[in-house]
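First comes the structure, then the notes that go with it.
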Amino acid sequence: MILRLGHCELFVTDMQRAREFYIDILGFREHDSDKDHIYLRGVDEFDLHTLTLTKSKTGGLGHFALRVSDPEDLDRLEDHHKRLGVPTLMVPEGTEPGQGRALRIVEPNGHPIEFYHAMQQVNVYNPQGGLSHLPMRATHRDRGIPPLRIDHMNIRVANVDQALKYWRDELSFSVSEYVEKDNGTFAAWTRRCQGTHDVALVQSASGAGLHHVAYTVQGPAEIIRTADLLADAGYQDAIEFGPGRHGLSNAFFLYIRDFDGNRTEIYTGDYSRDIDLPPVKWTWEEYDKRGRLWWGPSYPERFLEVSPVNNQWI
């Protein structure tokens, strides 16, 4: 069984600039690094890392990963994808820091995905002696916003109805909300958790792409704090869209972009709803008027831009 979104890898061209943006300003915690990678996590996360920054010639999505409930699920998923005609690659434990063996695929819509079960958990040193069992109990060391935890991916697909045949019908993701346009599905928010989405699927004429990865923060005040931090540090141009509130999902948001164009949504306040309940339907007119933006400034044209995905994943 697939449990949730686990982690994401973004490509960056300059490791020092990436370190300044994600760690010094935004406040991600660093687990480890080498000359080509920086492994980060939000301050409430038990997993060693949920965001990997990998040196590359261009920005874009390296891959994202989904955690499964049982190690044997990896073998079942491998067999299932082989029956679907999807190439697979099983990689050994330790290929990524702290992670057990993992199954890598490029899903039928063109996105590089990893399935895994085991991920080493954080032990946080307690200055009063011993170990704290709660990673969030190190607030005296935090800087930046800080981000709490990974929340969702928003990816672009050529045809959402075709994409749902994989995500909903083959992987058993639930649809929380969807947008209908021209007698088809323009977008669908899919999930394995009770939040509004783990993976959002949105139609794009260009096919496979990454729109954003989202990290949650404590509340609306941290949305404003993010904008202040970036502007005060000279990164005002990194603020792309927001602050505002979505109608669809009900969440507060701010979209920001790093120097390679990778987009992160700083996100808080969506609802929780059981995954067996029927989805909420939006018409295109409703979505265009209030779904994307319940209140806030209108989105700029560059908000529609999409980052490329890794086409050499396996």
Side-chain angles (χ1 to χ4, degrees), residues 1-8 42 44-47 50-51 61 63-70 73 76-77 80-81 103 105 107-109 111-117 119 147-157 159-180 185-204 208-217 245-253 255 263-282 286-287 291-292 294:
M1 177 188 294
I2 297 170
L3 296 175
R4 59 176 172 86
L5 174 66
H7 55 267
C8 172
D44 278 6
E45 294 182 305
F46 286 84
D47 291 353
T50 61
L51 178 62
L61 174 67
H63 74 282
F64 65 94
L66 302 168
R67 185 168 186 260
V68 299
S69 58
D70 190 281
D73 286 333
R76 287 188 281 268
L77 282 165
H80 186 70
H81 283 89
L103 175 67
I105 67 157
E107 55 94 27
N109 306 283
H111 298 88
I113 297 177
E114 185 170 62
F115 300 95
Y116 73 100
H117 170 70
M119 172 62 77
L148 298 182
R149 67 190 74 88
I150 196 169
D151 189 86
H152 65 264
M153 306 294 300
N154 184 301
I155 59 177
R156 295 307 195 241
V157 298
N159 184 295
V160 176
D161 287 310
Q162 287 296 321
L164 284 171
K165 291 180 180 180
Y166 175 74
W167 288 95
R168 180 192 59 206
D169 302 342
E170 300 294 345
L171 297 187
S172 299
F173 274 61
S174 165
V175 177
S176 64
E177 304 194 49
Y178 69 100
V179 179
E180 189 176 81
T185 306
F186 172 78
W189 279 248
T190 75
R191 62 202 177 128
R192 289 297 307 168
C193 63
Q194 289 183 315
T196 54
H197 53 312
D198 289 292
V199 180
L201 310 168
V202 181
Q203 181 178 306
S204 171
L210 170 67
H211 190 265
H212 65 265
V213 56
Y215 272 80
T216 59
V217 293
R245 185 194 278 276
H246 292 307
L248 195 153
S249 84
N250 193 52
F252 294 99
F253 68 87
Y255 291 92
R263 184 183 290 107
T264 301
E265 182 182 17
I266 307 303
Y267 182 89
T268 190
D270 68 339
Y271 60 80
S272 178
R273 190 167 184 248
D274 292 334
I275 66 173
D276 63 330
L277 295 174
V280 175
K281 174 185 172 181
W282 296 74
E286 292 169 337
Y287 175 71
R292 182 187 288 118
W294 196 256

Kindly determine whether His80 and Phe115 satisfy ring pair (Phe, Tyr, Trp, His ring centres under 6.0 Å), including the steps that lead there. CA-CA 13 Å; His80 186 70; Phe115 300 95; 9.9 Å; no

State, with a plain yes or no, whether a side-chain heavy atom of [X] is found less than 4.5 Å away from one of [Y].
| X | Y | answer |
| --- | --- | --- |
| Thr50 | Tyr215 | yes |
| Phe64 | Ile113 | yes |
| Asn250 | Asp270 | no |
| Ile155 | Val202 | no |
| Tyr178 | Lys281 | yes |
| Arg67 | Tyr116 | yes |
| Met1 | Arg192 | yes |
| Asn109 | Trp167 | yes |

My understanding is that only residues two or more places apart in sequence, or in another chain, count here; which of them pass side-chain hydrogen bond (donor to acceptor under 3.5 Å, both in side chains) with [X]?
| X | value |
| --- | --- |
| His212 | His152, Glu265 |
| Arg168 | none |
| Gln162 | none |
| Ser174 | none |

With rounding to the nearest 0.5 Å, note down the distance linking [atom1] in [X] to [atom2] in [Y].
| X | Y | atom1 | atom2 | result |
| --- | --- | --- | --- | --- |
| Trp189 | Asn154 | CH2 | CG | 7.0 Å |
| Ile275 | Ser176 | CD1 | OG | 11.0 Å |
| Leu171 | Glu107 | CG | CD | 8.5 Å |
| Thr185 | Leu164 | OG1 | CG | 6.0 Å |
| Thr264 | Leu51 | OG1 | CG | 7.0 Å |

Taking the six-membered ring where the residue is Trp, are the ring centres of Phe173 and His197 under 6.0 Å apart?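 No, too far apart.
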
Give me the atom names and distance for the closest heavy-atom approach of [X] to [Y].
| X | Y | answer |
| --- | --- | --- |
| Cys8 | Leu61 | SG-CD1, 3.8 Å |
| Phe253 | Arg245 | CE2-N, 3.4 Å |
| Val175 | Pro279 | O-CB, 3.1 Å |
| Val68 | His117 | O-ND1, 2.9 Å |
| Asp47 | Arg4 | OD2-NH2, 3.2 Å |
| Leu66 | Leu5 | CD2-CA, 3.9 Å |

Donor-acceptor pair, side chain of [X] and main chain of [Y], under 3.5 angstrom:
| X | Y | result |
| --- | --- | --- |
| His111 | Gly209 | yes |
| Arg273 | Thr196 | no |
| Thr268 | Val217 | yes |

Scan side-chain atoms only and decide if Asp274 and Gln194 contain a donor-acceptor pair under the 3.5 Å cut-off.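 Yes - a donor-acceptor pair under 3.5 Å links their side chains.
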
With Tyr287 via ring-ring contact (aromatic ring centres under 6.0 Å, His included) - residues at least two apart: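 With neighbours one apart ignored, the set is Trp284.
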
Tell me every residue that passes side chain to side chain contact (heavy atoms under 4.5 Å, CB included) with Thr216, counting only those two or more places apart in sequence or in another chain.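 Checked Thr216 against side chain to side chain contact (heavy atoms under 4.5 Å, CB included); matches are Leu148, Arg149, Asp151, Tyr267.
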
